[in-house]
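Every chain is numbered from 1 and lettered A, B, ... according to where its sequence line falls, protein lines coming before strand lines.
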Amino acid sequence: MHWIDRVAKTLLKQSKTHVIASGISVSGHIHIGHCNDVFIADGVRRALEELGGEGEAFWYADDFDPMRRIPWPLNEGELAERYKQYLGVPYIDIPSPDPKYKNFVDYFARPFIESLDDFGVDVKVYSGAEIYRSGEMAGPIRIALEKADKIRAILNRYRSKSLPEDWLPYDALCERCGKLATTRSYSWHDNYVSYRCEESDYVDGCGYEGEADFTKGQGKLTWRVEWPARWKLLGVTCEPFGKDHAVVGGSYDTGKLIAKQVFGYKAPYPVPYEWVSLKGMQMSSSKGVVFTLPQWLEIAEPELLRYFIFRSKPMKAKDFDPGLALLDLYDEYDLMEQVYFGMVEVGARKKEQFRRIYQISQLHETPKRPVQRVPFRFAAVLSQVMRDEKQTIKVLTSRGMLTDPSEFDIKLALRRLSCAQNWVPKHAPERLRFKVAETLPAEAARRLTQKQKQGLTQLAADISSRDFTPVELHNHIYQLAQKIGLKVPELFKAIYLVLLGRESGPRAGSFISVLDKEFVISRLKEVTS
RNA sequence: GGGCCCGUAGCGCAGUCUGGCUAGCGCACCGGCCUUUUAAGCCGGGUGUCGAGGGUUCGAAUCCCUCCGGGCCCGCCA
């Protein structure tokens with residue numbers, strides 16, 4: 001059984017309806033590693049509904065947290081200087097570097113939120129700042145302040161250095177300097193928390209002393225208390241979260257105790273997950289080691305990211321490599337699809353596994369009929385020579401990659417080709433890239449021997465006199481070389497030289513047959529003219 | 001100090017939750033074939049102490065314990 005179904009089943013034993021939370025601090029670009037959060041939350045919701053339960057999933061932007069580090073690309077050049085003043089300030093109060101966006105949060109979060117739909121993720125979106133400012137959080141805050149001693153005792157169980165006696169679980173927003181990271185709260189009455197703006201480990205405060213109205217969003221609960229407060233407020237019953245929170249004595253452990261003992265609420269069912277690395281490097285929004293959802297859509301279909309996330313268990317580390325390894329991801333996905341439709345036989349257990357992962361990888365409904373796919377490896381070659389859609393479809397049809405294609409099949413094929421077209425220049429290794437020379441490469445032509453020229457001329461004549469399939473053409477090149485007494489590799493070299501300006505290239509037979517016939521003939525003839 | 005993940009063929013991995021067909025897959029490699037294969041040829045081949053040791057069991061890559069090696073996370077920020 002797939003783990004997502006096991007989670008759903010466990011939840012259903014407790015109750016029929018569930019609220020699944022996900023969320024992330026908007027501390028920079030939101031990357032595919034962060035997607036585990038929403039994708040799993042939404043996945044659990046779907047599994048729950050399939051099993052007859054009801055679920056709602058949401059994504060919560062932690063946009064009221066203070067900025068601890070200036071994220072890439074704002075940490076470069078003069079921007080860095082400009083953004084330094086916002087250290088310790090809540091993300092929501094920081095301006096956008098680009099006027100097209102409302103603010104810092106909009107700048108980083110919007111591309112992510114707008115992409116979710118493309119990946120079939122259906123979640124309600126919350127803003128932490130809005131929830132605080134609307135006063136919705138006032139109830140839990142009051143409880144937390146009243147039971148500050150209890151909370152302090154719980155936290156102290158996991159701390160080596162105890163929290164001060166007058167500690168309060170509340171971070172006030174400094175009325176004068178706008179920082180949230182620098183204040184220390186020491187007492188409260190009615191709706192107000194008294195604070196002093198002192199310092200944090202990364203930025204100095206302004207020394208101001210004041211009172212914050214906690215019913216108006218003039219501050220927030222400290223993370224370890226905020227999390228359980230949120231569970232209570234939104235009725236969260238399940239939540240996926242990164243392994244950093246899952247550690248013993250970490251925020252889930254304390255959150256669980258606080259939920260129970262302070263808010264009288266049962267902590268949600270946890271689904272801890274591992275992080276995603278990028279080419280072996282830890283993804284980091286502050287350093288700019290990121291790969292985002294919009295970037296994904298440029299080079300791969302959304303189903304592939306879902307597959308990437310759901311194919312292995314949540315606590316298994318995943319590494320994404322947009323280079324050569326992407327080809328394998330494509331192939332694996334296609335294979336899984338073929339197994340699903342019974343076009344490829346595998347063992348019963350594997351088949352069941354593939355079946356479920358394939359379903360989960362779909363944005364919505366699972367296709368009823370087999371989907372016609374262009375292998376991505378081939379798409380990578382074709383994308384470099386295709387001229388227009390009509391010719392492209394013709395090539396694909398003649399190769400048997402599309403058979404009597406529906407409009408849907410054609411759409412998918414073209415989408416994959418467009419992914420390949422984006423992928424090749426950005427991520428493919430050099431040896432997979434080539435460019436058909438616009439005009440006969442003069443330097444290359446000069447290097448040709450008489451025999452080679454003769455071979456090319458003859459080839460031009462043969463191509464114009466009859467039609468070859470790719471394989472026939474490839475074989476024909478061999479025969480031709482032998483017939484005129486030329487070493488086989490010499491003829492291949494000649495072909496690549498006049499077409500690409502280099503000595504090697506994609507398999508000649510198939511390569512030539514995707515090119516425009518008249519173009520090839522005239523180019524081959526050109527060497528002797 | 002604590003937690004998690006990984007260790008299976010030359011390389012990359014699946015299989016471990018739920019013990020059971022002869023331990024699989026991709027790439028690489030080797031051999032053969034089509035009078036020929038430069039980046040979609042075809043056919044055949046597994047090259048393995050499943051990190052080590054112990055235990056449970058009729059039966060262990062799979063469950064339990066100990067240890068070794070590698071990686072990540074947390075250590076009072078979130």
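Between A:Trp227 and A:Phe241, the angle of the ring planes goes over 60°, which puts this pair in the perpendicular group of the 30/60° scheme. Aromatic ring orientation, A:Phe104 versus A:Tyr83: tilted (interplanar angle from 30° to 60°). Using cut-offs of 30° and 60° on the angle between ring planes, the pair A:His34 and A:His31 is parallel. Using the six-membered ring where Trp is involved, A:Tyr358 and A:Phe341 have ring planes that are perpendicular, over 60° apart on the 30 and 60° scheme.
A cation-pi arrangement, defined by a distance under 6.0 Å to the six-membered ring centre and an angle within 45 degrees of its axis, is present between A:Arg196 and A:Tyr186.
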N/O to N/O distances under 3.5 Å, protein versus nucleotides 34-37 of chain B:
unit_1: B:U36; atom_1: O2'; unit_2: A:Tyr478; atom_2: OH; d: 3.3
unit_1: B:U36; atom_1: N3; unit_2: A:Asn475; atom_2: OD1; d: 3.1
unit_1: B:U37; atom_1: O4'; unit_2: A:Tyr478; atom_2: OH; d: 2.7
unit_1: B:U37; atom_1: O2; unit_2: A:His474; atom_2: NE2; d: 3.1
unit_1: B:U37; atom_1: O2; unit_2: A:Arg507; atom_2: NH1; d: 3.1

Show each protein N/O and nucleotides 61-64 of chain B N/O combination with a separation under 3.5 Å, one pair to a line.
none

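In this structure, CD1 of A:Ile357 is placed 10 Å from C1' of B:A14, rounded to the nearest angstrom. Regarding A:Glu274, its CD atom lies at a distance of 14 Å from the P atom of B:G71, rounded to whole Å. In this structure, A:Arg224 atom CZ and B:C74 atom P are separated by 12 Å, rounded to whole Å. In this structure, CD1 of A:Ile477 is placed 11 Å from C1' of B:U38, rounded to the nearest angstrom. We find that CZ of A:Phe308 is positioned 15 Å from C1' of B:A14, with the value rounded to whole Å. The CG-P distance, from A:Leu326 to B:C27, rounds to 16 Å in whole Å. The interatomic distance linking A:His245 (NE2) with B:G75 (P) rounds to 11 Å, in whole Å. A:Asn156 places its CG atom 16 Å from the P atom of B:G75, with the value rounded to the nearest Å.
For the atom pair CG of A:Asn156 and OG1 of A:Thr254, the computed distance is 11.5 Å after rounding to the nearest 0.5 Å.
By the 4.5 Å heavy-atom criterion applied to side chains, A:Lys220 and A:Asp65 are counted as neighbours. Side-chain atoms of A:Ile463 and A:Leu473, non-hydrogen and from C-beta on, do get closer than 4.5 Å to each other. Side-chain contact between A:Leu329 and A:Arg311 is present, with heavy atoms from C-beta onward closer than 4.5 Å. Annotation: side chain of A:Arg230 is not in contact with side chain of A:Leu221 (no heavy-atom distance under 4.5 Å). The shortest distance between side-chain heavy atoms of A:Tyr273 and A:Asp37 falls below 4.5 Å. For the pair A:Arg69/A:Ser27, no side-chain contact is recorded, criterion being any heavy-atom separation below 4.5 Å from C-beta on.
The residues A:Asp201 and A:Arg68 are annotated as salt-bridged, a charged nitrogen and a carboxylate oxygen being separated by less than 4.0 angstrom. Taking the charged nitrogens against the carboxylate oxygens, A:Arg306 and A:Glu303 have no contact shorter than 4.0 Å, which rules out a salt bridge.
Within the 4.0 angstrom heavy-atom criterion, no nucleotide atom of any strand lies near A:Pro272. At the heavy-atom level, A:Glu332 lies nowhere under 4.0 Å from the strands shown. Backbone-only engagement by A:Asp65 is indicated by non-hydrogen atom pairs under 4.0 Å involving sugar-phosphate atoms exclusively. Within 4.0 Å (heavy atoms only), A:Trp275 reaches sugar-phosphate atoms of the nucleic acid but no base atom. When heavy atoms are screened at a 4.0 angstrom cut-off, A:Arg377 is found touching no nucleic acid atom at all.
Distance check on atom C1': B:G7 versus B:A14 gives 14 Å, rounded to whole Å. Nucleotides B:C43 and B:U22 have their C1' atoms positioned 22 Å apart, rounded to a whole Å. B:C73 and B:C67 are spaced 23 Å apart, taking the C1' atom of each and rounding to whole Å. With P as the reference atom, B:U57 and B:C64 are 16 Å apart, rounded to whole Å. Look at the P atom in both B:C27 and B:U66: the space between them is 41 Å, to the nearest Å. As rounded to the nearest Å, B:C58 and B:G19 have P atoms that lie 15 Å from one another. A gap of 8 Å separates the P atoms of B:U49 and B:G10, to the nearest Å. Comparing the P positions of B:G26 and B:G44 gives a spacing of 12 Å, expressed to the nearest Å.
Listed by chain and residue number, A:Tyr330, A:Trp423 satisfy the ring-ring contact (aromatic ring centres under 6.0 Å, His included) test with A:Phe376 (two or more places apart in sequence, or in another chain). Under the rule for a salt bridge (Lys or Arg N to Asp or Glu O under 4.0 Å), the partners of A:Arg133 that lie at least two apart in sequence or sit in another chain are A:Asp93.
Taking side-chain N and O atoms only, A:Lys316 has a distance below 4.0 Å to OP1 or OP2 of B:A14. Phosphate proximity of B:A39 to A:Gln384: absent, as no side-chain N or O sits under 4.0 Å from OP1 or OP2. An OP1 or OP2 oxygen of B:A78 is reached within less than 4.0 angstrom by a side-chain nitrogen or oxygen of A:Thr222.
The side chain of A:Asp328 lies closest to B:G26 when the candidates are B:C4, B:G26, B:A78. Comparing B:C5, B:U18, B:A39 by their closest approach to the side chain of A:Met315 singles out B:C5. For A:Asp171, the side-chain atoms get nearest to B:A78 when compared with the rest of B:G3, B:G15, B:A78.
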Check your understanding: Which dot-bracket string fits RNA chain B when only Watson-Crick or G-U wobble pairs with both atom distances under 3.5 Å count, crossing pairs get [ ], and | stands for a partner on a different strand?
Key -> ((((((((.[[[[.)....(...]]]].(((((.......))))).....[[[[[..)....]]]]])))))))....

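Of the candidates A:Phe112, A:Tyr126, A:Phe39, A:Trp59 forms a ring-ring contact (aromatic ring centres under 6.0 Å, His included) with just one, namely A:Phe112.
When each of A:Asp244 and A:Arg6 is assigned the nucleotide of RNA chain B bearing its nearest heavy atom, the one mapping closer to the 5' terminus is A:Arg6. Looking at which nucleotide of RNA chain B each of A:Trp3 and A:Glu226 is closest to, the 5′-most match is held by A:Trp3.
A heavy atom closer than 4.0 Å to some atom of RNA chain B occurs in A:Phe492, A:Lys493, A:Tyr496, A:Arg502, A:Glu503, these being the qualifying members of residues 491-503 of chain A.
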